[in-house]
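Step one of this worksheet: look at the structure below.
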Amino acid sequence: MKTVRFYSNRGLLPEASRSGGGHRRYGPETLDRLRLIRSLRALDLPLPEVRRVLEDEGAPGRVLEDAVEGRLRELGSELKALRWREAALRLVRECPPAEQADRLRLIGTVSLPPNTAPLARFWRAWLPPRMPARVMSAFLELAVPQPPDEPDPAQVLAFTRLHAMMTAPCPTGRQPQPEVHQVAGARGAAVLYTGLAEAYELAGPQLRRTRDPYPGEALDAYVAAYASAYGSRDTRQFRRLLAARLASGPRLDQYWELTAVVITPPGGRPEPTPGSADDWLRAALERDNVGAA
């Protein structure tokens with residue numbers, strides 16, 4: 001009776017009448033309605049959602065479908081958070097005692113499941129200002145690793161280190177920018193990063209096959225991206241000039257190394273990143289220049 005009274009007080013079980021002694025009376029349909037309420041609550045649907053399902057008269061089943069889909073999304077997020085917590089606990093358990101304090105500090109700075117917003121903010125500040133939103137979004141998809149749903153301890157450690165690196169204040173106040181950012185400007189940079197994304201995609205299969213760097217279609221796309229940004233042509237002289245400029249530019253090696261750990265399934269061959277693809281293409285450029293000398 002307590003359950004019936006509880007739902008009745010919240011308006012989910014309408015009373016048919018009251019007895020002379022003030023006791024509530026319910027119609028024969030109440031039992032079916034109560035069973036439906038209990039079934040919905042067993043699925044952990046909140047009372048407001050239960051009410052919406054019960055009141056759904058215009059499109060039978062549609063409100064229930066939306067409620068179930070919403071709860072599934074919530075459960076997915078909750079399960080992901082639990083898996084990350086489990087991997088984080090394993091990370092602390094499996095590391096040497098002298099490293100546990102550092103591991104706990106890193107883990108404590110990251111929400112679970114982790115948020116990639118700090119990484120995206122870093123890239124928005126690092127890329128040239130006023131880049132078209134479409135180009136910016138496309139590059140962020142490549143550069144910002146998406147945390148796996150079921151991480152192992154190594155992936156948790158790599159992501160927390162990435163987070164710490166991207167949120168630490170820069171000693172100079174701003175990350176060093178490649179020379180091409182100043183030379184190309186926002187429009188040229190948009191052309192550059194669109195072309196680089198194509199070149200990285202072409203280089204990806206070669207990296208997965210662990211092939212040595214070599215001149216070919218991927219390198220041509222890579223050089224063409226820089227030539228377009230500089231307003232130049234792909235010539236032998238330009239390739240030598242480009243190799244020299246790239247050799248003196250800033251590097252983000254640690255970022256890409258950690259990113260590879262985050263996106264690579266445990267025990268798998270390292271997945272290509274823009275950083276590893278860029279390294280492969282730079283090496284191919286050097287090889288091409290040596291071969292043409």
Side-chain angles (χ1 to χ4, degrees), residues 76-133 135-182 186 189 193 196-197 200 249-266 270-279:
S77 180
E78 293 168 12
L79 288 171
K80 185 175 180 179
L82 287 173
R83 294 185 187 109
W84 272 81
R85 289 193 180 99
E86 179 188 22
L89 288 168
R90 289 168 53 202
L91 174 64
V92 175
R93 182 188 66 186
E94 295 167 6
C95 75
E99 298 178 10
Q100 287 180 343
D102 180 59
R103 296 289 189 270
L104 287 170
R105 179 185 59 79
L106 283 171
I107 293 169
T109 63
V110 178
S111 63
L112 298 177
N115 189 339
T116 59
L119 279 61
R121 281 196 297 270
F122 164 82
W123 285 108
R124 288 193 179 96
W126 188 83
L127 292 167
R130 298 182 299 280
M131 276 183 63
V135 179
M136 176 75 76
S137 297
F139 185 79
L140 289 179
E141 287 185 14
L142 290 175
V144 177
Q146 293 305 307
D149 290 340
E150 299 185 20
D152 72 350
Q155 290 172 308
V156 171
L157 180 59
F159 191 91
T160 56
R161 284 177 168 167
L162 261 182
H163 181 274
M165 184 169 62
M166 294 298 98
T167 55
C170 180
T172 61
R174 181 173 173 80
Q175 292 290 338
Q177 304 289 297
E179 178 189 354
V180 69
H181 287 186
Q182 287 81 37
Y193 283 100
L196 288 180
Y200 296 157
R251 306 278 295 174
L252 296 170
D253 292 337
Q254 187 180 9
Y255 179 93
W256 298 121
E257 290 168 4
L258 293 171
T259 294
V261 176
V262 172
I263 66 175
T264 300
E271 284 292 317
T273 67
S276 61
D278 200 82
D279 287 343

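Residues satisfying the ring pair (Phe, Tyr, Trp, His ring centres under 6.0 Å) test with Tyr255, not counting sequence neighbours, are Trp123.
A salt bridge between Asp279 and Arg251 is present, with a side-chain N of the basic residue lying under 4.0 Å from a carboxylate O of the acidic one.
Pro132 places none of its side-chain heavy atoms less than 4.5 Å from the side chain of Tyr193. Two residues are said to be in side-chain contact when any heavy atoms from C-beta on lie closer than 4.5 Å; Pro153 and Glu94 meet this criterion. Within the 4.5 Å cutoff, no side-chain heavy atoms of Leu196 are placed close to those of Pro274. Annotation: side chain of Leu258 is in contact with side chain of Met165 (closest heavy-atom distance under 4.5 Å). Counting only heavy atoms from C-beta outward, the side chains of Ile263 and Gln146 never approach each other to under 4.5 Å.
Put simply, CG on Leu91 and CD on Glu99 are 9.5 Å apart, with the number rounded to the nearest 0.5 Å. Taking CZ of Arg161 as the start and CD of Gln254 as the end, the distance is 8.0 Å to the nearest 0.5 Å. Taken from CG in Leu162 to CE in Met166, the straight-line distance is 6.5 Å, to the nearest 0.5 Å. The structure places CG of Leu82 at 11.5 Å from CD of Glu150, a figure rounded to the nearest 0.5 Å.
For the residue pair Ala81 and Leu112, the shortest heavy atom distance occurs at CB-O, 3.6 Å. Residues Leu106 and Ala164 come closest through the heavy atom pair CD2-CB, 3.8 Å. Of all non-hydrogen atoms in Leu140 and Arg124, the two that sit nearest each other are CD1-NH2, 3.5 Å. The shortest heavy-atom contact between Arg103 and Cys95 is CG-SG, 3.7 Å. The two residues Asn115 and Phe159 make their nearest non-hydrogen contact at O-CZ, 3.9 Å. Across all non-hydrogen atoms, the minimal contact from His163 to Thr167 is O-OG1, 2.7 Å.
In this structure, Thr160 contributes its side chain and Ile107 its backbone to no donor-acceptor pair below 3.5 Å. Proximity of a side-chain donor or acceptor of Ser276 to a complementary backbone N or O of Pro272 within less than 3.5 Å is not detected. One N or O on the side chain of Gln155 and one on the backbone of Val262 form a donor-acceptor pair closer than 3.5 Å.
Around the CZ atom of Arg130, the shell of radius 6.0 Å holds no more than 12 heavy atoms that belong to other residues, nucleotides or ligands.
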